[in-house]
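Have a look at the structure below before the remarks.
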Amino acid sequence: MDQLEYLSLEPDNFLSEMVESIWMVKNHNDEKREGIVVPDGKIDLFLFLGEDEDFEIFISGICTGPVIKPPFPRSTMFAISFYPIAAEYIFKQSFAGLKDNKQILSPDYWGFCKSDMADFEQFYRRACNVIKMKVEKKIDERKKNLFELIYLSKGETTVEELSQKVSWSSRQINRYFNTWLGVSLKSYINIIRFSNSLKQLKKGDFYPELNYGDQSHFIREVKKFAGVKPTILNKNENDRFIQLSLISET
């Protein structure tokens with residue numbers, strides 16, 4: 001059996017603009033090894049059940065560098081990965097204070113509880129229903145278009161290009177990003193570009209496929225977001241880079 005069992009489901013269409021995925025990871029390993037999570041531009045809500053049946057719900061904001069996760073042997077984690085626009089339209093709160101940080105929530109947050117960890121598909125259905133009830137207004141078209149363009153470009157774009165395409169000044173866009181997420185639009189674009197480079201790094205392709213200036217620039221950006229050189233990230237010894245371990249080989 002693989003040490004990490006992973007399953008990810010897309011949300012239904014109603015939530016697809018605000019929720020990227022609902023997923024689970026089960027760690028079947030007994031060893032107590034730290035893991036590393038690299039930036040992916042998402043806000044994540046986690047339900048965690050440890051080997052001693054300890055249960056916790058926590059949420060993390062946008063990460064701008066590698067985050068070391070404590071060992072989690074024999075554990076199960078359910079998670080909901082939100083696009084940043086969910087800060088305004090689902091959570092209705094700023095995540096600027098949670099940049100590179102997490103917040104422990106009450107064990108009954110949003111009505112979730114320990115028993116939800118027994119069945120992932122049931123959790124998935126419940127999570128979709130709970131989130132739908134949080135949506136109270138339609139997404140502003142400029143914001144909707146802005147995020148669509150960022151993801152379609154895989155980070156191969158500029159603040160100026162985005163500003164022109166959505167008819168929203170770069171100053172106002174940056175104010176929005178800093179207010180709700182604690183990062184600038186340029187920083188966020190760079191995170192998305194790095195995240196979209198992980199698949200090629202897993203394959204062992206160290207020449208940038210996206211619009212990095214040159215290979216040296218690519219290496220610097222990988223070290224900034226992952227904390228290591230591309231070759232070390234590719235080796236991924238002991239599956240310590242969790243997202244890389246979960247990327248499909250195909």
Side-chain angles (χ1 to χ4, degrees), residues 1-11 19-82 86-87 90-91 93 95 97-131 133-134 198 202 225-228 232-233 235-248:
M1 179 184 290
D2 290 338
Q3 301 294 354
L4 290 177
E5 179 186 348
Y6 176 66
L7 176 62
S8 178
L9 299 175
E10 294 182 358
V19 178
E20 188 255 356
S21 61
I22 299 174
W23 51 276
M24 67 144 226
V25 172
K26 285 190 178 183
N27 185 7
H28 298 283
N29 201 327
D30 287 315
E31 294 185 39
K32 295 188 175 181
R33 292 196 298 246
E34 289 181 337
I36 298 174
V37 173
V38 296
D40 65 1
K42 308 294 188 309
I43 294 169
D44 294 308
L45 177 66
F46 297 98
L47 278 70
F48 176 83
L49 185 64
E51 60 178 338
D52 298 322
E53 291 295 306
D54 50 315
F55 175 70
E56 187 174 80
I57 300 179
F58 61 94
I59 195 164
S60 61
I62 301 295
C63 294
T64 61
V67 176
I68 295 175
K69 295 291 184 184
F72 54 104
R74 296 286 170 188
S75 62
T76 301
M77 184 178 287
F78 291 177
I80 307 170
S81 288
F82 295 90
I90 293 177
F91 295 97
Q93 69 175 65
F95 279 79
L98 284 178
K99 183 186 77 170
D100 296 320
N101 212 340
K102 72 172 188 178
Q103 178 183 354
I104 307 295
L105 303 171
S106 65
D108 61 350
Y109 184 76
W110 279 5
F112 293 129
C113 60
K114 186 176 180 179
S115 62
D116 286 318
M117 305 294 289
D119 186 326
F120 175 68
E121 290 190 4
Q122 187 172 316
F123 167 75
Y124 167 84
R125 291 191 293 271
R126 186 170 181 200
C128 286
N129 289 332
V130 168
I131 298 166
M133 293 175 65
K134 302 288 179 184
L198 288 178
K202 181 163 185 170
F225 291 121
V228 296
I232 303 297
L233 191 61
K235 288 178 183 177
N236 195 20
E237 292 181 357
N238 299 321
D239 288 328
R240 63 185 179 135
F241 290 96
I242 298 169
Q243 289 126 305
L244 213 66
S245 302
L246 303 178
I247 292 175
S248 171

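Everything numeric here is computed off the predicted structure, so don't read it as measured data.
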E51 atom CD: more than 12 heavy-atom contacts under 6.0 Å = yes
Non-hydrogen atoms of P107 and F55 that approach each other most closely | O-CE2, 3.5 Å
Nearest heavy-atom approach of G65 to P39 is N-CG, 3.4 Å
Atom of D116, atom of C113 and distance for their closest heavy-atom approach = OD2-N, 2.8 Å
Are side-chain N/O atoms of T64 and D100 paired as donor and acceptor at under 3.5 Å?
-> yes
Are any side-chain N or O atoms of R240 and backbone N or O atoms of G35, one a donor and one an acceptor, separated by less than 3.5 Å?
-> no
Grab the two heavy atoms, one from I43 and one from A87, that are nearest each other, plus how far apart they are.
-> CD1-CB, 4.0 Å
Considering non-hydrogen atoms only, spot the tightest contact between I62 and K42 and give its length.
-> CD1-O, 3.7 Å
Report the distance from atom NZ of K102 to atom SG of C63, rounding to the nearest 0.5 Å.
-> 11.5 Å
CD of E10: more than 12 outside heavy atoms within 6.0 angstrom?
-> no
For I104, does the CD1 atom have more than 12 heavy-atom neighbours from other residues, nucleotides or ligands under 6.0 Å away?
-> yes
If you count the non-hydrogen atoms of other residues, nucleotides and ligands that lie under 6.0 Å from CD in E121, is the total more than 12?
-> no
Of F58, W23, F46, F123, which is the lone residue that meets ring pair (Phe, Tyr, Trp, His ring centres under 6.0 Å) with F78?
-> F123
Go through the steps for L45 and L105 under the test side-chain contact (heavy atoms from CB on, under 4.5 Å), then give the verdict.
-> CA-CA 10 Å; L45 177 66; L105 303 171; 3.6 Å; yes
Determine, stepwise, if the pair I59 / F95 fulfils side-chain contact (heavy atoms from CB on, under 4.5 Å).
-> CA-CA 10 Å; I59 195 164; F95 279 79; 3.7 Å; yes
Exercise: identify the closest heavy-atom pair between K114 and E53 = NZ-O, 2.8 Å
Exactly one candidate in L233, N236, L244 meets side-chain contact (heavy atoms from CB on, under 4.5 Å) with K202; the answer is L244
